[in-house]
Amino acid sequence: SNTSSNMGRFSPPLLPLIYVTFCSIFLWLCVSGEPLRHNEDLSSSDMCLPHSARVNCSYLPLEFLECDKPTDHRGNQSARDDEGHGCVKFGGQRFEDVEITKVWCSVLDGIDCCGERKFLRDGFPCIKYSGHYFVTTLIYSVLLGFLGMDRFCLGQTGTAVGKLLTMGGVGIWWIVDIVLLITGSLTPEDGSNWNPYV
């Protein structure tokens, strides 16, 4: 009974002191335990915290990004190897023929994310369109192929003039070009793909 009377006498002043000490330690840990330095620029490249609600910028969908066009190395494989991305050639008739490359993407203004706001993203096909339509070129080839209109349309001016002067190679060149066009061997001179819509 003597012990219980001693505890009752010392407990009221001791509890507020323990509470104030605990709160001070907790506040000190919250303020001094920041993962980032105060002089670091948070808007450009802050670290992604594991349990943060902010998503890593590199995981954003394309709707929130502005991406450059693939770099055209114009057949120079060593330049592509040095840079690490870009296209050696554009186009391809089959899926396996089309190169896949990385391009530089930057996050649009007003989008809040963590990590680098400019980065390389993979998965872009080396395809470019320059106004060539397959159906239009095929109609030119069937109806006006003996005048070389199909090759003029594809930008192959030299062979088009030869086809015009020989009246489609007396009809043989005309038929051969229709077959080449249908099988995918006759394509635009600039290496671009056919536009998907007429």
Side-chain angles (χ1 to χ4, degrees), residues 30-141 150-157 160 180-198:
C30 288
V31 172
S32 66
E34 291 180 354
L36 302 174
R37 295 183 294 276
H38 292 289
N39 59 357
E40 192 172 1
D41 184 13
L42 297 178
S43 63
S44 62
S45 62
D46 56 333
M47 294 173 12
C48 291
L49 301 176
H51 301 292
S52 172
R54 297 168 67 208
V55 68
N56 192 319
C57 294
S58 62
Y59 297 155
L60 288 173
L62 290 176
E63 292 82 15
F64 302 109
L65 303 174
E66 186 173 282
C67 297
D68 298 338
K69 291 182 179 178
T71 307
D72 187 2
H73 292 295
R74 301 180 189 273
N76 191 344
Q77 181 67 41
S78 59
R80 187 200 187 284
D81 294 341
D82 290 344
E83 195 170 323
H85 60 89
C87 300
V88 176
K89 69 176 186 70
F90 280 87
Q93 294 297 315
R94 295 180 311 186
F95 178 79
E96 300 84 27
D97 298 338
V98 178
E99 290 183 23
I100 304 296
T101 187
K102 298 177 183 176
V103 297
W104 283 103
C105 294
S106 55
V107 180
L108 295 173
D109 293 335
I111 304 297
D112 187 26
C113 59
C114 60
E116 294 293 331
R117 295 185 70 84
K118 184 168 178 148
F119 51 88
L120 278 171
R121 170 157 296 182
D122 201 2
F124 286 83
C126 293
I127 293 176
K128 63 180 177 180
Y129 300 107
S130 60
H132 296 289
Y133 297 94
F134 176 75
V135 174
T136 307
T137 308
L138 184 61
I139 291 171
Y140 281 150
S141 185
D150 49 357
R151 291 200 176 245
F152 278 117
C153 181
L154 294 175
Q156 300 176 0
T157 312
L180 290 175
L181 193 61
I182 292 172
T183 58
S185 301
L186 186 59
T187 57
E189 182 69 22
D190 59 1
S192 62
N193 281 54
W194 301 109
N195 278 359
Y197 306 109
V198 179

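Computed from a predicted model, the values in this text were never measured in an experiment.
Between R117 atom CZ and L60 atom CG the span is 8.5 Å, to the nearest 0.5 Å. Atom CG in L180 sits 9.0 Å away from atom OG in S141 (nearest 0.5 Å). The line from NE2 of H132 to CG of L154 is 6.5 Å long, rounded to the nearest 0.5 Å. For the atom pair L186 CG and T137 OG1, the distance stands at 8.5 Å (nearest 0.5 Å). Atom CH2 of W104 sits about 10.0 Å away from atom CZ of F119, to the nearest 0.5 Å.
Side-chain N or O atoms of Q156 include one that pairs as donor or acceptor with a backbone N or O of T187 at under 3.5 Å.
Partners of D72 under the side-chain contact (heavy atoms from CB on, under 4.5 Å) rule, at least two apart in sequence or in another chain, are R74, F90, K128. Residues passing the side-chain contact (heavy atoms from CB on, under 4.5 Å) test with I100, sequence neighbours excluded: D122, P125. A search for side-chain contact (heavy atoms from CB on, under 4.5 Å) contacts involving K89 returns E99, not counting sequence neighbours. The side-chain contact (heavy atoms from CB on, under 4.5 Å) search around L62 returns L65, C67, R121, F124, not counting sequence neighbours. When the side chain to side chain donor-acceptor pair (under 3.5 Å) test is applied to E189, no partner is found at least two apart in sequence or on another chain. Under the disulfide (SG to SG under 2.5 Å) criterion, C57 pairs with C113, not counting sequence neighbours.
Sequence neighbours left out, the pairs with a member in residues 55-70 that pass side chain to side chain donor-acceptor pair (under 3.5 Å) are N56-S58.
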Under the criterion side-chain contact (heavy atoms from CB on, under 4.5 Å), I'd like the reasoning laid out for F134 against L181: C-alpha separation, chi angles, the key distance, then a yes or no. CA-CA 8 Å; F134 176 75; L181 193 61; 4.0 Å; yes
(message) Could you go through H85 and V103, starting from their C-alpha distance and side-chain angles, then the distance that decides it, and tell me whether this counts as side-chain contact (heavy atoms from CB on, under 4.5 Å)?
(response) CA-CA 7 Å; H85 60 89; V103 297; over 6 Å; no
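Taking both residues in full, the closest heavy atoms of Y129 and W194 are given as CE2-O, 3.2 Å, listed atom of the first, atom of the second, then distance. The two residues F152 and T157 have their closest heavy-atom pair at CE2-CG2, 4.0 Å. C48 and G115 make their closest contact through SG-N, 3.7 Å (heavy atoms, listed as atom of the first residue, atom of the second, distance).
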Quick one: side chains of residues 75-82, donor-acceptor pairs under 3.5 Å with protein atoms, not counting sequence neighbours, listed by atom name and distance.
residue	atom	partner	partner atom	Å
N76	OD1	S78	N	3.3
N76	OD1	S78	OG	2.8
N76	OD1	A79	N	3.2
Q77	NE2	D81	OD1	3.0
R80	NE	G86	O	2.9

